[in-house]
Amino acid sequence: MIWLALTLLAPFGAGVAILALRRAPAAVAIAGAALGLAGALGLFASMTRGERIGAGLPFLPDFPISLEATPLTATLALLVATVTTAVLIHAAGYMARDPERVRFFGTMALFVAAMELLVLAGDWITLLAAWEMIGFSSYLLIGFWHGRPGVAGAALRAFLYTRSADLGLYLAVFLLIGRAGTSDIAATLDVTGTPALIAGLLLLVAAAGKSAQLPFQEWLLRAMAGPTPVSALLHSATLVAAGAILLIRTAPMLPEGVLVAVGLVGGATAVVTGLMALAERDLKRLLAASTASQYGFMLIAIAAGAPVAALLHLIAHAAIKSALFLGAGVFQHDRESTALEALAGAGRARPGIFAGFALAALALAGLPPMAAWFSKEAILTASWASPLAPWLMPSALAGALISAAYMGRALRVLWAGSAERAKAPVPFMAAGLWGLAALAATLGAAFGPLEALLGAAIAEGPRFLPLLGLAAAAGGLVLGWTLPPDRLLGPLFRQAETGFGIARALEALSTRPVLALAEAVERLETAVLSGILASGRAGLALAGAARRIDRDAIDGAIFALVDRLWGFGQRLRRLQSGLIHRELALSMIGIALLVAVLLIAPLSS
Amino acid sequence: MMGRDLSFLLPELVLVGTAMLMIVAEMLRAARLGLAIGLAGLATATLLTLPVLDADTTVFSGTYRIDALSGWAKLILLPGTALALLMVRAEIGGRLREGSVHALIVLVTLGALMLSGAGDMMLVVLGVVLTGLGSFALVAWPRDDAATEAAMKFLIFGAVTGAVMIYGLTFWFGGTGSTLFADLGRLTGRPLVLAAGLTALIVGLGYKGALVPFHFWVPDAYQGAPVSIAAYLSVITKAAAFFALAQALRDLPREAGWPLALGLIAAATMTFGYLAALVQSNLVRLLAYSSIAQSGYLLLAVVALGASELALPALLVFAAAYVAMNLGAFAVVLLAGRELSDLEGFGRAHPWVGLSMAVFLFSLTGIPPLFGFVGKLGLFAAAIDAGHLWLAVIGILNSVLGLGVYLRLVVPMFAASERHGAMPMPAPLLTVIALTLAVTLSFGMVTGLFLR
Amino acid sequence: MPLLTIATLLPLVAGLGLMALPARSNGMAHAVSISATGATFLLALAIWARGTDPGGFAQLEEAAWIPAIGAAWRLGVDGLSLPLVLLTGLLFFLSAIYSVRITERPATYVVLMLLLETASLGTFMALDGLLFYVFFEVSLVGMYFMIAGWGHEDRQRAALMFFLYTLLGSLPLLLAIIGLYLGSGTFDMRAWTQAPPLTGPAAMLALVAMLFTFAVKTPVLPFHTWLPAAHVQAPTAGSVILAGVMLKFGTYGLVRFSFEMLPDAFAAAAPAVLAFGVVSAIYGALAALAQSDLKKMIAYTSVNHMGYVVIGVAVAALATGPLVRATALDGATLQMVSHGVVTGALFFLVGMLQDRAHSRAMGDFGGLLGRVPWLGWGFIVAAFASLGLPGLAHFPAEFQIFLATFGTRPWGTVALVGIVVTAALYLRAIAAVFLGPANDRWAAMPDLDRHERLVIGLLLALIVLIGVMPGVMLDMIHRTMSGLVG
Amino acid sequence: MSGSAAETLFLVFFGAAAVWFGIVVFRTHSMVRSAIALLFAQTAVGAMFLVMQAEFLGVLQIMMMASEMSIMAIFMVMFMMDPGGLGAMEMTHQKRLSLKAGGAGFAFALGVILLGGWGPAAQEVPAAAAQTAALGRELLGRSMFVFESAGLTILTAMIAATMVAIAPQGEKEG
Amino acid sequence: MTFELVIVLAMAAALFGIGIYGALSQTNLVMIMMGVELILAAALLNLVAFWRYLHPETMAGQMFVLIVMTVMAVEMAVGFGIAVARFRARGSVEVEEARELRG
């Protein structure tokens, strides 16, 4: 209980305290994150002792909030806490001179709290709430430098893309709650049959949106407008991870049909976004595309029936990618740009940082004995063994090759150019980076016990698979180091550069119609209004405007209905000719009608 | 027998005496005295009505009815007449033959009482003629071009419709051998005779009650007459016509078809009145058309007669509300001027009177919690209860039209304008406005407590 | 102590007292206004503290009015009306505080506000059909004068449009009320609820009349066109009251009258009502997306949010299980409160922005967040609440509504696209007004002052409170709704 | 039966006369002639009353109409710029429509008369003296209120007529 | 039903028709009043005929006749009074000249 509360409330309290006190933001944030880390460690320790921890709070009638720590969620909580602590330490340096530090650290701390809530959620409503709140926090963080041109648009896009995909989660949650009669996640995992298929597909949509899988990858590439620590956090253990976490948690429920779809999305993303990363001209965008591609791997793992492999890769990737971003942040700090051209040689100017960066990059490429090697291995094994689809393994392998290639390319660019003199040393940033890089290198050792803890060991595959993986990694690195991407990719380069037109197609299919519809609605609104006005004016013209009463204040204001009736009144008015004999004659006609009615009415009744 | 009858007729007798005394006062050229006598007489008659309010009987072998309808009618018509007298005093006080006007008004009110208690065709005929003759003279009182033209139109319409009515009613006499409405049941199974008399009655009383298509005289007569006379005509004689219609029709089988005919007339009247009012720029004419529209609403209650118990109460409540709010509105017009443009900024210059006018107009529209709303509520309830949902719907649609009409007055009143400086505020007029305002405002909320 | 009667009449009496005073200074008018609305708010809290009765109405107060026709002064509250009463008390109080800046004929303005408060409270608490209608209509007159007298550029036209539209809309309700009366012989709404007096075609006719009224008031497509016009022209406090309180008359009536008093007819018509709700929600969101005028945009989002309420009520009639029905009604009721608080805050904020800049066009601004952080962050939080962010007021309500909808008529969840479109439009508005390069035109713009911070702070606190602990409202609502459907 | 035949004959004769003079009223182009024709028409009606054994009413009709018509003639001479009252002048408009209206009125009335189902006719009527006595009882008994109302109407008419007819002294004619 | 009754009623109906024609077709107030007189004469004839042939026992018929005669008289009196006033004000009693008030 206490660990659970500490994990959640420490970052939350830190965020509130920062925003309220507006003092020493970095220190408070790091303290909060550290306390949270302690809590997560405590939780994890409890798990290893076989305890189960849960808590409930009232929320909606019949649907309480519940929190739950299982080995899986505790592991994830620990991961989040670890990465965030490191990133916050780095950010203390990175943001040292920013006048809006308070807002930054406050939002970061709240973001972390939301992410922990997501991870530890025991019921769907809490999960959904946390899911949306991390979207909101990331909106604030991506839009942190809101004064700069383009930033607001990037933040907007990030939130909108993920929110559109979130509809899938909403519907899935409605469906699952409706089926199970409870919002408890564990209980709903028993759902089977068609509802499970539909819910699974809906969850896939939501996860694809958050994890920037095809076709939603675009927002992630643009989300680089935020400060680098933000990117580090988003890409590693938090926002983007949420999608994969969702699928990992619900994996027991997913029927085959969904798994095929997951595999399709994951495989395609791994390859396509990998190619995009290769063609990228901006370091941070390259890393972003690489993130999408790595999450594609995780989806492949889930499709192959090995969510544990996905979890391992998630952990490995979290450490690696945050380290890479922190490194990129340092380079950006030096060169005040993230364009690859501008960064040429930036690595050689800070060999220490570059070493950390390179370590992480090699890890990502999948070189043994670093973390990603193990996880990629596990994924390859699982996909080889998967009876589901024969193309899972090849696509994973291709993805691995491409990952290695773009990492090789990045290293080459950073090393090859002219080394200008670096600015002042950056101890905080370096500390964060090295801490993470070290994790990236060594985490693999922890995977075995972790698998044991989760009770899901990965089966051994054929012998040649590790060799194949190693070959892909090494080959990719070499190719990326030696060949410029346009030669490497050949005719694909142009396509990859523009993201294969997927983003444009998606916008053409969604945003444009919506905006067009909105325009149409607006036109309808004005047409309705002007239609009323026009008919009112026509009525006035019909009336011949016998007298001008425009002087009266009211006339300008007479509402359209009255306008229209005006003409009618004028016509009736002509009956009132003032000539008695005419009026009398009209009365006589009236009498005749009256007689007719009086004669006919009794007959009809 | 006769003593008993006369005791029921005390209010009428007091009023006759009052009229005689007023004529004497006029001969002595003592207009103020005449007015005082008139007010006192009206007050006495009103008080004398109270003891017989619960009666449900007839006097003189059924020719005159002393029942809830005629009793409440007196309670509405007599105070209304007193208010009208005050307005007349404010408008033409001190001018020639003022006393004749006062006396005529009391006499016409007597005719109105005859109508509202009529149990006999002859009384209806006499009532229509009496109120008509007095009204012609009242309208013609200024004797200028406009007034005489108005009176002439009024007269011609009145004479022709009156003659048609009399001719038609003779058939009812032929059919039943009686002139009592109570005997009309004998006509069952003779639709033609029934229709002839009905047509006649509707023509004669429809003219008096300003129903389409017998309304043509209304705007002209109101415009040509003094404003206070227009106010008087728009409430007292009109309300009396509806009371007479109710007295006559409640004994007739609904199968005779009159509910449908009257329903159609009601719909036409409401719609026509408001549509025509919409385009007026002369305030008196505008109010004339508005009062035509209100006639259509009053007719809703008559249409429901015999099918809904709510019909008579609805008729009385709305008539009371109508008398109060219409008199009030005319009183403000008397103060502000006869043209729509005279109202510009009036409410800002004289906030209390302006506010009163807004209250009267909103009440005429039927907006709660004003008296007019309660009246219309009863009318709609009666109509729906009687199975004429369509009429209620038309009534409601027309309420919106009416709002357009009345907002044309309210809005400029509160617009910024420098037109109005200090102006004389005759005390009688302020009294009228205050009293009608009190009734319009409070009776909407509290009358219910006194209704049985 | 007849707290309900006192709360209802207190503002009116204070207003009349102010009118009767011979000499009135501006300060005095506002002091009366703030103290009267404040006292009424306290009374509303006291009524809240007394609580409701799960079996029906609580805290009944009766007095004779028109005994002849069975109409009486009947007040009472239940879990449906009490949250709305509290909301009304709060929003009027805040409007009074905000309105201290009004210097144009403040006494009249205050009297109108107080009249409106009496009418609004009366509408929610009346247990007599006739009394309900009276209050319902009086509010119309008050709002008309409010818009016509203190509105912006084109106020006369907007006021007329508002008045004609809603009067035309409310008169059919009168017919329906008359129908209920004729069917039962009384105006007691409790009797109408316990034994629905109309059946068959008569009930259907009455329902159609009612639905028309409530559709105009709510407003539901295609009867919504008065709303943007009225909102754009209304003074800020008027907009807040209109959106925060008066739109609820429509949905409150939908539950209280259509759902409770004509259950069979409403159940038969519910698919159509649901369709209208869905179309309204989507249409409102799309129309809002196309606006460049902030106030108009928020006005259109009201169409969207109120559409969800309509969906909730329709689903409650369509669903079979009592749990689902209660969930739908819970959500609909909570959504009314949430919308009042959130949209109230948004209108206040736009009003404050307009006070400073004399413009409401998004394009005129940019980068204001750095200049006026209170205003900017207030708007951002309120906007995210409005687009349904969890932890803020709209989420629990919308979640319940959609949960029930999905379980009953899955196609109804099409309206979910509304939450994406509202997200888009708010983000766009935030980006245009508060983010991006700062516009030098507004370099001297002052941030919120003490009064304004109080107003916004209270509302935002409530938004978060409802979002995090909906139980404070929902428990009471849920008890009543469970009784209603069980 | 012969009495009845004579009655019928007289009724037809006077009836035809009344109708004929009625037509003449609107056929001449002189108001004086119109007035005289009306006088004859009313007199013929009065004669019919006599034939129908309503002697009192018949006499009343003939005398009243005679007096009234003379008043009317004087008025015409006074006001119509036509001292001789014999000159021709066009005094009609919308004749076709009026004819149709008159025809329709006649037709409807005739329809009611022919299809009214009046039942058997009474053969005997009270003698003149008895009639007058009964009428007196009716006047002072059952119909007293009506009768008094008629008196009140006449009073009103007097006041009304004098008020409008007398020149507005001090305002227009000094 | 009897022949005499129908004859008289038919004659009255004819007078009624003529009266209506007159009231509608005449341009002069006095002439219009003559039309009204004819309609009232028709009513009188009706009443007497109904009394004579259907209800001789009741005197209400004769009473009604008296009332209608009164009505004729007073209406003419006031009518001419108004004619005088009109002639004073305008110099004519032509109805077509009376169109100041309209609309």
Side-chain angles (χ1 to χ4, degrees), chain D residues 7-8 11-12 15 18-19 22-23 25-26 31 34 38 41-42 45 48-49 52-54 57 60-61 64 68 72 75-76 79 91-95 97-99 101-103 105-106 109-110 113-114 118-119 121-122 124-126 134-135 138-139 143 146 150 153-154 157 160-161 164-165 167, chain E residues 1-22 24-28 30-31 34-35 37-38 41 44-45 48-49 51-56 59-60 62-63 65-67 69-74 76-78 80-85 87-88 93 96:
Chain D
E7 195 176 321
T8 309
L11 282 178
V12 170
V19 172
I23 292 172
V25 170
F26 302 114
M31 267 196 221
S34 292
L38 184 65
Q42 299 279 24
V45 170
M48 288 170 84
F49 288 6
M52 287 187 280
Q53 301 173 41
L57 296 179
L60 206 59
Q61 166 80 358
M64 245 179 81
E68 213 176 297
M72 203 185 252
F75 264 101
M76 272 175 285
F79 289 118
M91 298 185 296
T92 55
H93 48 204
Q94 60 174 12
K95 271 167 97 170
L97 194 123
S98 311
L99 265 176
F106 174 65
L110 207 59
I113 291 158
L114 292 176
W118 302 110
E124 291 300 315
V125 291
L135 186 59
E138 170 85 19
L139 270 179
S143 292
V146 176
T153 307
I154 295 170
V164 293
Chain E
M1 196 202 282
T2 160
F3 184 59
E4 282 93 343
L5 176 66
V6 171
I7 286 288
V8 179
L9 293 183
M11 294 301 177
L15 282 177
F16 173 72
I18 295 164
I20 292 284
Y21 165 79
L24 285 180
S25 68
Q26 298 304 303
T27 63
N28 188 298
V30 178
M31 293 302 292
M34 290 191 195
E37 293 274 302
L38 281 181
L44 289 176
L45 258 185
V48 175
W51 167 78
R52 164 64 184 83
Y53 296 108
L54 294 177
H55 313 291
M59 276 294 133
Q62 292 220 3
M63 189 65 214
V65 172
L66 282 181
I67 297 299
M69 283 181 174
T70 315
V71 167
M72 276 170 108
V74 297
M76 292 312 127
V78 175
F80 292 134
I82 287 172
V84 170
F87 195 79
R88 280 224 181 92
V93 291
E96 287 195 10

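Because only heavy atoms are used, hydrogens play no part in the values below, and waters and symmetry mates are left out as well, while side chains stay in. Every chain is numbered from 1 and lettered A, B, ... according to where its sequence line falls, protein lines coming before strand lines.
Heavy atoms only, all atoms of each residue included: D:A160 and E:V78 are closest at CB-CG2, 4.3 Å. For D:V146 against E:M63, the heavy-atom pair with the smallest separation is CG1-CE, 4.4 Å. Nearest heavy-atom pair across D:Q53 and E:W51 is O-CH2, 3.9 Å. Scanning all heavy atoms of the two residues, the minimum distance from E:A85 to D:V164 falls at CB-O, 3.4 Å. Considering every non-hydrogen atom in both D:Q61 and E:L44, the closest pair reads OE1-CD1, 3.4 Å. Nearest approach of E:V84 to D:A165, heavy atoms of both residues: CG1-O, 3.7 Å.
Looking at E:I67, only its side chain comes within 4.5 Å of chain D, counting heavy atoms on both sides. Heavy-atom distances place both the backbone and the side chain of D:M52 under 4.5 Å from chain E. If you measure heavy-atom distances from D:L38 to chain E, the contacts under 4.5 Å come from the side chain alone.
With a 4.5 Å cut-off on side-chain heavy atoms, D:Q42 and E:E37 count as touching. Looking at D:L114 and E:V6, their side chains come closer than 4.5 Å, going by heavy atoms from C-beta outward. Residues D:F49 and E:L45 have side chains in contact (heavy-atom distance under 4.5 Å, counting atoms from C-beta outward). Proximity of E:R52 to D:E7: side-chain heavy atoms (C-beta onward) are separated by under 4.5 Å at one or more points. Considering only heavy atoms from C-beta on, E:L38 comes within 4.5 Å of D:F26 through its side chain. Taking 4.5 Å as the limit, every side-chain heavy atom of E:V65 sits out of range of all side-chain heavy atoms of D:L60.
Most heavy-atom pairs under 4.5 Å with chain E, from the set D:A109, D:A134, D:P126, D:A150: that is D:A134. The residue among D:A122, D:A161, D:A41 with the most heavy atom pairs within less than 4.5 Å of chain E is D:A122. The candidate with the highest count of non-hydrogen atom pairs below 4.5 Å against chain E, out of D:L110, D:L57, D:I154, is D:L57. Heavy-atom pairs under 4.5 Å with chain D were tallied for E:V71, E:I20, E:V48; the largest tally goes to E:V48.
Remark: D:L97 pairs with A:A585, D:Q94 by the side-chain contact (heavy atoms from CB on, under 4.5 Å) rule, at least two apart or across chains.
Atom CD of E:Q26 and atom OG of D:S34 lie 7.0 Å apart (nearest 0.5 Å). Rounding to the nearest 0.5 angstrom, the gap separating the CD atom in E:E4 from the OG1 atom in D:T8 is 3.5 Å. Atoms CG and CG, on E:L66 and D:L139 in that order, are 6.0 Å from each other to the nearest 0.5 Å. With rounding to the nearest 0.5 angstrom, the CG atom of E:L24 is 10.0 Å from the CG atom of D:L99.
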Output a table of donor-acceptor pairs, distance under 3.5 Å, between side-chain atoms of residues 7-17 of chain E and any protein atom two or more places apart or on a different chain; print 'none' if there are none.
none

